[in-house]
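All residue numbers refer to positions in the sequence shown, counting from 1. These numbers come from the heavy atoms of this one structure, side chains and all, not from hydrogens, waters or symmetry mates. Whatever order the structure lists them in is the order used to number ligands and atoms, beginning at 1.
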Amino acid sequence: MAEPRLDTRTIRIGLIGAGMAGQAHAFGYRNASMADALRGVRVERTHVVDAFAPLAQDVAERYGFERWGTSVDELLADPAIDAVSVALPNNQHLDVLTKVLASGKHVLTEKPLGLDAAQAARLAGLAAAPGRAGAVDAVGFSYRRLPGLAALRAAVAEGEIGRMYHFEATYYCHHAADPADPFTWRFDQASSGGGALIDIGLHAIDAVEFVVGAITEVTGARFATYISERTDRAGVVHRVTNDDAAALLLVAGDGATGTLQASRVAHSTPNSLAIRVFGERGMVSFTTEELNSFVIHQAGGDPRFDGPRRVITGPLHGAYVDVSSFRSRGVGTGYGEAFVAQVQAFLGCILDGTRSTTDFAAAAQTMRVLDAATRSAASGRPALLGADADADADVAQVTA
Ligand SMILES: NC(=O)c1ccc[n+]([C@@H]2O[C@H](COP(=O)([O-])OP(=O)(O)OC[C@H]3O[C@@H](n4cnc5c(N)ncnc54)[C@H](O)[C@@H]3O)[C@@H](O)[C@H]2O)c1
C-alpha cells in the first residue's frame, strides 16, 4: 500500500466516471480555488477515466483535465495523482473503491457506499486500515453544503426551536415519471442496489441525520413500483426490479419521530429535496425549490407577528462565502452560474464574430435612463429618452 502524499500545495485529481455526477465533480474541482482556505493551493485536473472513451475525452477537454483514458488501473498506478473522485454506477463502487483505497490516494466517492450495508461496512473497514492513516475518505452528500440546509442544522444545534419533536423529509424527482423514460442501470436492482430510496432518498436520509441526528429506528417502510417495464435505448424491454417510490417511518436524534418519502415518478417536482422539523419552541424548514433561503419560526413574542420567517442566506450560513461569486448576502448559490453563462456568451461572441446582446450600445440605454431620472428629479417634469432626449435635456436645463 502506497504512503499517502502529504504535499497539499498542489493536489492532482483523477476522476473515475465522467457521466452526470462525474461532470458535477469536474465542475467542483475547476472552481474549488474560490475558497479562502484553498488560496495558494493548485488543484490540477490530471486524468479522467470513463468506460466510454468519447465521453472521457469530451469531459477532459471541457473541464481541463490533462489526460483521459478508459483504464481505472492506469489512473491508480500514477503516483502523481493525489486524490480520486469516483462517480460510477452503484454496482461498480465496491470493486473500484477497494482498488482506490489500496492505492493510498485520498478519495471522494459518490453515494451510495456500495450496494448495501455489508458492502459499505467492508469499504469503511478498508478506509480505516492503519495503512491509510492520513488519507481522506469522503462520500458525496452534497446537499449538506447548501447554506440553507446548513443553517437549519445550526439553528437546531443551537437550540433555537428547543427539543425536536417530529420531522418530515422528502426527495421527489420526476425523471422516471414518463413510462417512456428509457431503462438504465438505475432501474435494475443488481446494478443499483435499489431504486428511488437509494438513488435520491439517501440524500433525504442524510439530511435527517445532518439536521435531526442519527436515525435509530425504522418503524415502518413501504416500497412501490408503478411502472414495471421499461425499454432501453436499443429497444430491449426490461423488467424494473426496484422501487419507484418509498415511504418510511423513522425515529432519529433524541427520539424525534418522522416520515421520509422518496419518489422518482413525482410529476411537477423535477428535483426537490425538502425537510421540516417541528420542536418544542418552533419550526425550521428548507427546500431546494427555494435554494437561497430557509424558514424559521420561533414561537412566542408578540402574537400579532408570531409566524414563520423566510431568511435569505448569506455569508453566515454554511459554505456560502466559499462558493458565492459575490460574498454578500442574497446573491446566493446559483448566482455564480449566471456568471458562467455570461462568460460562455462572451467567449461565444469572440469565436462566432457576433455582437453581444449586452454590448456597450445596449448598456448606454440604461445610462440614458439614469440620466433621465436625474433630469426628472431636478425638473419635477417627465424626462424623455430616445430621439426627444436632447430637447428634453434643453427643457430641463432651462427649468433648472
Ligand atoms: N450526489 C448527487 O447528487 C448525485 C447525482 C447523480 C448521481 N449520483 C451518483 O453518482 C454515481 C454515478 O451516477 P451518474 O448519474 O453519473 O451515472 P451515469 O450513468 O451518468 O455515469 C456513469 C458513468 O460511469 C461509466 N462507467 C461505468 N462503469 C465504468 C467502469 N468500470 N470504469 C469506468 N467508467 C465506467 C459509464 O460509462 C458512465 O459514463 C451513482 O453512484 C449515483 O448514485 C450522485
Side-chain angles (χ1 to χ4, degrees), residues 14-29 47-60 62-63 65 67-77 81 84-100 103 107-116 119-120 123 138-146 149 171-176 181-207 210 230 232-234 242-243 246 262 264 269-274 288 291 319 333-334:
L15 172 62
I16 301 176
M20 186 165 66
Q23 290 174 44
H25 283 240
F27 181 85
Y29 286 115
H47 194 153
V48 52
V49 159
D50 195 280
F52 184 49
L55 182 63
Q57 180 175 10
D58 182 53
V59 169
R62 283 191 295 132
Y63 290 93
F65 282 80
R67 296 191 301 278
W68 61 271
T70 55
S71 165
V72 171
D73 292 340
E74 198 179 301
L75 185 154
L76 293 177
I81 292 177
V84 176
S85 258
V86 176
L88 296 174
N90 302 351
N91 66 345
Q92 308 280 317
H93 289 187
L94 180 65
D95 284 354
V96 172
L97 286 171
T98 299
K99 289 185 190 174
V100 175
S103 76
V107 57
L108 168 61
T109 183
E110 265 313 327
K111 40 55 66 181
L113 189 58
L115 291 174
D116 53 33
Q119 290 194 0
L123 288 167
V139 178
F141 288 113
S142 46
Y143 290 91
R144 283 182 179 227
R145 315 292 167 188
L146 289 172
L149 190 57
Y171 198 141
Y172 295 139
C173 268
H174 75 173
H175 79 81
D181 288 326
F183 183 89
T184 65
W185 63 266
R186 282 192 154 79
F187 299 94
D188 174 48
Q189 179 69 17
S191 307
S192 61
L197 188 62
I198 200 170
D199 196 30
I200 51 176
L202 212 51
H203 285 295
I205 289 172
D206 183 63
F210 183 51
R230 291 179 187 269
D232 69 19
R233 289 198 171 82
N242 58 26
D243 49 298
R264 62 188 179 194
T269 55
N271 185 50
S272 180
L273 169 72
T288 54
L291 199 59
T333 26

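Of all atoms in ligand 1, listed by their number and element, those nearer than 4.0 Å to a heavy atom of G140 are 1 (N). Atom numbering of ligand 1 starts at 1 in the shown order; those under 4.0 Å from a heavy atom of Q92 are 28 (N), 30 (C), 31 (N). Within the listing of ligand 1, atoms 40 (C), 41 (O), 42 (C), 43 (O) sit less than 4.0 angstrom from a heavy atom of N90. For ligand 1, the atoms closer than 4.0 angstrom to any heavy atom of A21 are 6 (C), 7 (C), 8 (N), 10 (O), 14 (P), 16 (O). Those atoms of ligand 1 that come under 4.0 Å of a heavy atom in D199, given as number and element, are 43 (O). Counting atoms of ligand 1 from 1 in the listed order, those under 4.0 Å from a heavy atom of H93 are 41 (O).
For D50 (side chain) and A56 (main-chain N/O), no donor-acceptor pair under 3.5 Å exists by modelled atom type. With hydrogens and angles disregarded, no donor-acceptor distance shorter than 3.5 Å links the side chain of N90 to the backbone of G114. The closest donor-acceptor contact from the side chain of K99 to the backbone of L94 lies at 3.5 Å or more, if one exists at all. Formation of a donor-acceptor pair under 3.5 Å by the D232 side chain with backbone atoms of F183 is not found in this model. Using modelled atom types, no side-chain atom of D206 and backbone atom of R144 make a donor-acceptor pair closer than 3.5 Å. In this structure a side-chain-to-backbone donor-acceptor pair under 3.5 Å is present from Q119 to L115.
Given atom 2 (C) of ligand 1, the protein heavy atom at minimum distance is H203 NE2, 3.5 Å. When hydrogens are left out, the protein atom nearest atom 33 (C) of ligand 1 is A51 N, 3.3 Å; that is the closest non-hydrogen contact. Counting protein heavy atoms only, atom 7 (C) of ligand 1 is closest to R186 NH2, 3.4 Å. When hydrogens are left out, the protein atom nearest atom 21 (O) of ligand 1 is G19 CA, 3.4 Å; that is the closest non-hydrogen contact. Counting only heavy atoms of the protein, atom 12 (C) of ligand 1 lies nearest to L88 O, 3.4 Å. The shortest contact between atom 10 (O) of ligand 1 and any protein heavy atom is with E110 CG, 3.2 Å.
Atom 42 (C) of ligand 1 has its nearest heavy-atom neighbour, among M20, Q23, K111, H25, in K111. Comparing heavy-atom distances from atom 17 (O) of ligand 1 across W185, F52, Y143 singles out W185 as nearest. The residue among L75, D206, D50 with a heavy atom at the shortest distance from atom 39 (O) of ligand 1 is D50.
Of the N or O atoms in V72, none lie within a sub-3.5 Å distance of an N or O in ligand 1. Considering backbone and side-chain N/O atoms, P89 never comes within less than 3.5 Å of an N/O atom of ligand 1.
Across A207 and L149, no two heavy atoms sit closer than the pair CB-CD2, 4.3 Å. Taking both residues in full, the closest heavy atoms of E110 and G140 are given as OE1-O, 3.8 Å, listed atom of the first, atom of the second, then distance. Here the shortest heavy-atom pairing between F141 and H203 reads CD2-ND1, 4.0 Å. Between H47 and I81 the shortest heavy-atom distance is CB-CD1, 3.7 Å.
Between the side chains of N271 and Y171, at least one donor-acceptor pair of N or O atoms lies under 3.5 Å.
Ring pair Y29/F65: centre-to-centre distance not below 6.0 Å.
Only the side chain of L55 comes within contact range of ligand 1, with a heavy atom under 4.0 Å; no backbone atom does. Neither the backbone nor the side chain of F141 comes within 4.0 Å of ligand 1, counting heavy atoms alone. By the criterion of a heavy-atom distance under 4.0 Å, the backbone of A87, and not its side chain, is placed next to ligand 1.
Annotation: side chain of V84 is in contact with side chain of L75 (closest heavy-atom distance under 4.5 Å).
Under the 4.0 angstrom criterion for non-hydrogen atoms, P112 is in contact with ligand 1.
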